[in-house]
Amino acid sequence: LSNVAQHADLKNVVQLSLDETIDTNFRVNLDYTPNDDVLVYFGVTTGYRSGGYSLGIGDSRGPGAFGGIEPLTYDQEEVMAYELGYKGLHLDGKLQLNASLYRYDYDDYQDRVEIYNEASQSSQDQVRNAGSAENQGFEIEVLWYPTESLTIGGNASWTETEYNDDIIILEDDNPAYPDNLFFGDVSLAQNLKGNSFKRIPETKYTLWGSYSWRFDAGSLIVGASYAYTGEYYSSGIERSLDEVPERERTDVSLTWRHSSERWTARAFVDNVFDERYTRGIGTATASGDWMQTAEILYPRYYGLDVTYRWGEGF
């Protein structure tokens, strides 16, 4: 009989969790078109990301309601988004320009962090709600057709993020302050308030171009692109220990496209200058002898791909 009651209570808990994901949101857009080639818009949008269980994360487990252990939960994340944008065609349609200013204000921002547990004076890897946070920035994209054969494009973005509320973590992976020697030292507890989100660079941009030669049998297209990604941090602490350096990459390609568009052949070289970069850095704790690891991006890479299309319409 008690098992029946426990299952009934568990059903109510699950149902309550599902009910909490039901939300009402709105979107308001204002458009202004001074002519057929220009659009200016402003939008306000609300949204949410449902709460859930921290499945698959070892430290996100706690005592269960009916004994044993169960995954810890995190609450729903809500966002208010603002965007002011511009889309326009210029130079008789040869130049396309898109730009936008945006701001996202978060409540109960969901993040996976190393939480400082004051009771046990230990670090716990958990998905938690980080309280209030913001993400704002600017994006621009340009596409230019100076001639029938030449195309030039590019895009750039600037992003600024910030934790607005206190979120305390334990810096237990810094070899300069080994936590087994400085156990209980309050300086190992770090407050992420005012810091940026992890793994988000402040600046990024890409430039690319292509030139095509047209023949009766098809077209030959040569293309090249250059991409830049600014530095960022692999954690929210903003320390040089896990700062990911800025990186650059250049790619080139040569494409043959048959006039029927039934088949295409492309030869390419990615990362032409064989630059070696990382996209993430991690540091182990004392148990791992503070060993640093890195997610390495691939070196120079080249190849040939051929695409053939069949069926009606070709």
Side-chain angles (χ1 to χ4, degrees), residues 54 56-62 71-72 74 106 108-137 157-204 227-249 271 274-299:
S54 299
I57 302 176
D59 291 333
S60 285
R61 295 177 292 181
L72 299 179
Y74 49 90
Y106 296 95
D108 289 327
Y109 178 72
Q110 296 172 5
D111 199 2
R112 180 176 175 177
V113 292
E114 294 280 343
I115 293 296
Y116 173 54
N117 187 316
E118 187 175 1
S120 63
Q121 294 186 333
S122 63
S123 177
Q124 296 180 335
D125 180 16
Q126 297 180 355
V127 176
R128 298 289 292 268
N129 294 96
S132 174
E134 63 186 50
N135 181 342
Q136 60 185 351
S157 65
W158 172 82
T159 306
E160 182 181 76
T161 62
E162 184 176 352
Y163 295 100
N164 292 330
D165 288 344
D166 292 334
I167 177 168
I168 309 300
I169 70 171
L170 182 64
E171 189 182 9
D172 62 346
D173 60 350
N174 190 339
Y177 298 96
D179 61 331
N180 54 352
L181 296 180
F182 291 84
F183 186 76
D185 190 338
V186 70
S187 66
L188 296 179
Q190 300 288 334
N191 191 345
L192 299 188
K193 182 177 181 180
N195 289 2
S196 302
F197 298 172
K198 59 187 177 184
R199 291 180 174 263
I200 298 182
E202 186 175 87
T203 56
K204 294 179 65 177
Y228 169 85
T229 302
E231 69 276 0
Y232 56 88
Y233 297 95
S234 289
S235 74
I237 304 179
E238 296 189 1
R239 57 187 183 179
S240 58
L241 184 64
D242 49 12
E243 181 181 9
V244 178
E246 62 184 10
R247 62 178 183 261
E248 302 171 287
R249 183 175 129 177
N271 191 7
D274 199 24
E275 302 286 358
R276 305 301 175 96
Y277 294 113
T278 63
R279 64 179 178 184
I281 297 175
T283 305
T285 59
S287 61
D289 199 24
W290 297 284
M291 180 178 65
Q292 277 200 302
T293 58
E295 303 168 42
I296 304 297
L297 295 171
Y298 61 82

Taken to the nearest 0.5 Å, the spacing of Glu243 CD from Ile237 CD1 works out to 13.5 Å
Closest non-hydrogen contact found for Thr283 with Asp173 is CG2-O, 3.1 Å
Rounded to the nearest 0.5 Å, how far apart are CD of Glu202 and CH2 of Trp158? 6.5 Å
Heavy-atom closest pair (Ala130 atom, Asp165 atom, distance to 0.1 Å) is O-CB, 4.0 Å
Would you call Glu246 and Tyr228 a side-chain contact if the rule is heavy atoms closer than 4.5 Å? yes
Might you confirm whether atom CZ of Arg199 has over 12 heavy atoms from other residues, nucleotides or ligands at distances under 6.0 Å? yes
Using a 4.5 Å cut-off on heavy atoms from C-beta on, say whether the side chain of Ser235 contacts that of Leu192. no
Atom CD1 of Ile296 and atom OG1 of Thr278: how far apart are they, to the nearest 0.5 Å? 5.5 Å
May I ask you to decide if Met291's main-chain N or O and Asp289's side chain share a donor-acceptor pair within less than 3.5 Å? no
Asn174 to Arg239 - nearest heavy-atom pair and separation: CB-NH1, 4.0 Å
I need the Glu275 CD to Arg247 CZ distance, nearest 0.5 Å. 12.5 Å
Can a donor-acceptor pair be found, under 3.5 Å and without considering hydrogens, that links the side chain of Glu238 to the backbone of Ser196? yes
Mutual orientation of the aromatic rings belonging to Phe197 and Tyr109 [parallel < 30°, tilted 30-60°, perpendicular > 60°]: parallel
Taking all atoms of both residues into account, what is the closest heavy-atom pair of Arg279 and Tyr232, and its distance? O-OH, 2.7 Å
At what distance, to the nearest 0.5 angstrom, does CG of Asp242 lie from OG of Ser234? 5.5 Å
Test your reading of the model: is there a side-chain donor-acceptor pair from Asp108 to the backbone of Gly131, 3.5 Å cut-off? no
Give a yes or no answer on whether the side chain of Tyr233 reaches the backbone of Leu241 with a donor-acceptor pair at less than 3.5 Å. no
If I compare all heavy atoms of Gln110 with all of Asn129, which pair ends up nearest, and what's the gap? CG-ND2, 3.8 Å
Looking only at heavy atoms, the pair that brings Thr229 and Pro201 closest together is CG2-CG, 3.8 Å
Keeping Lys204 on the side-chain end and Thr159 on the backbone end, is there a donor-acceptor pair under 3.5 Å? no
Quick one: does Asn195's side chain have a donor or acceptor within less than 3.5 Å of a partner on Gly236's backbone? yes
Could you give me the CA-CA distance, side-chain angles and deciding distance for Asp111 and Tyr163, then say whether side chain to side chain donor-acceptor pair (under 3.5 Å) is met? CA-CA 11 Å; Asp111 199 2; Tyr163 295 100; 2.4 Å; yes
Min side-chain heavy-atom separation Thr293-Ile281 under 4.5 Å: no
